[in-house]
Amino acid sequence: MDKLQGFLSAAGNATHGGSYPAGGPRADDDDWREAAQHASNHAGDSGNADLFSNLLGALGQKKERLANEDVDEDEAVRTHKKYFQDDDDDNNADDRSMGSAAAMQALKMFAGGESGNTAKSSSQGAFVALAMAEASKLFDKKASQGKVSSDSSKESAVMQAGEMALKMYMKSQGSGQSSSSGASNLLGLASKFM
């Protein structure tokens, strides 16, 4: 996990989306409420706010479990190269690999300034939303080419991207870091993959 140390601490602790527990929504849930619209805007014709809102809600419920899971960095780099650089003729694109590749693409886009690179766009919700939007677009592209495995769905690919992005965020967030260091930490992480 060395590659992920210091990754993006903007927006404070990980939040949940969708249905709230008995305690009600937390102040930083606004970040996730806006994330669905952010994802929809970035995905264009490949997704809508309702799709992303539902998946973000489900993703939020998995936050604690995801925080304890490792990130397969080598796999993320490999799948990103496969889908976004080589664009090879793989006839069995699956939801897991597309999701992993999309999360890496979101990281690359942030590093390139394509996400706006502001405190708002480098928040947890915005980063997860960008990954989910990229997965939605990638799935549509592969589906139009007839290169998606029969047991894969767009919803699953988008969810996998959200899970990978959230794990990246939480694993490397660290404790005691100031939120102001988020953008520079994310750029530092991205530089290790490029």
Side-chain angles (χ1 to χ4, degrees), residues 1-18 26 28-29 31-32 34-36 38-39 42 52-84 94-111 115 121-136 138-139 152-177 179 181-194:
M1 293 304 304
D2 289 346
K3 293 180 181 178
L4 294 177
Q5 292 306 310
F7 174 70
L8 192 58
S9 57
N13 291 330
T15 64
H16 61 82
R26 300 183 347 193
D28 52 1
D29 281 319
D31 177 41
W32 275 50
E34 294 173 5
H38 183 81
H42 183 73
F52 294 118
S53 180
N54 290 336
L55 293 177
L56 281 162
L59 180 62
Q61 302 305 315
K62 297 182 177 183
K63 176 181 69 71
E64 290 186 13
R65 175 175 64 79
L66 292 172
N68 295 318
E69 292 184 6
D70 288 329
V71 175
D72 190 338
E73 299 166 9
D74 292 336
E75 174 71 4
V77 172
R78 184 186 68 78
T79 57
H80 180 268
K81 183 176 186 296
K82 175 180 178 179
Y83 292 120
F84 287 95
D94 63 272
D95 42 27
R96 184 178 180 84
S97 63
M98 284 188 284
S100 179
M104 284 301 300
Q105 179 66 6
L107 180 61
K108 182 177 180 181
M109 292 178 72
F110 178 87
S115 67
S121 64
S122 64
S123 71
Q124 180 189 88
F127 179 69
V128 170
L130 188 60
M132 295 176 90
E134 282 299 310
S136 184
L138 178 60
F139 183 92
S152 295
S153 68
K154 176 187 281 191
E155 290 79 7
S156 182
V158 171
M159 190 64 164
Q160 289 287 342
E163 289 185 7
M164 173 63 83
L166 186 56
K167 285 194 290 185
M168 284 179 170
Y169 191 109
M170 291 191 295
K171 282 291 184 183
S172 55
Q173 190 175 25
S175 58
Q177 295 179 345
S179 60
S181 65
S184 61
N185 287 344
L186 180 56
L187 290 173
L189 172 65
S191 69
K192 297 178 181 180
F193 292 111
M194 290 182 270

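Every heavy atom of this structure was used, including side-chain atoms; hydrogens, water molecules and symmetry mates were not.
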Would you say the side chain of [Y] lies within less than 4.5 Å of the side chain of [X], judging by non-hydrogen atoms?
X	Y	value
His42	Glu134	yes
Met132	Leu56	yes
Ser100	Gln160	no
Leu166	Gln124	yes
Met104	Phe84	no
Phe52	Val158	yes

Measure the [atom1]-[atom2] distance between [X] and [Y] for me, rounded to the nearest 0.5 Å.
X	Y	atom1	atom2	value
Lys62	Lys167	NZ	NZ	10.0 Å
Phe127	Met109	CZ	CE	11.0 Å
Phe139	Ser152	CZ	OG	6.5 Å
Asp95	Met159	CG	CE	12.0 Å
Met168	Leu66	CE	CG	13.0 Å

*Got a sec, which residues hit side chain to side chain donor-acceptor pair (under 3.5 Å) with Glu75, two or more places apart in sequence or on another chain?*
Arg78
*What residues, two or more places apart in sequence or in another chain, satisfy side chain to side chain donor-acceptor pair (under 3.5 Å) together with Ser97?*
Tyr83, Asp94
*Closest approach of Ala135 and Ala161, non-hydrogen atoms and distance?*
CB-CB, 3.5 Å
*Which pair of non-hydrogen atoms, one from Ala131 and one from Ala165, has the smallest distance, and what is that distance?*
CB-CB, 3.7 Å
*Hey, which of Asp72, Val71, Val77 is the one that makes side-chain contact (heavy atoms from CB on, under 4.5 Å) with Asp74?*
Asp72
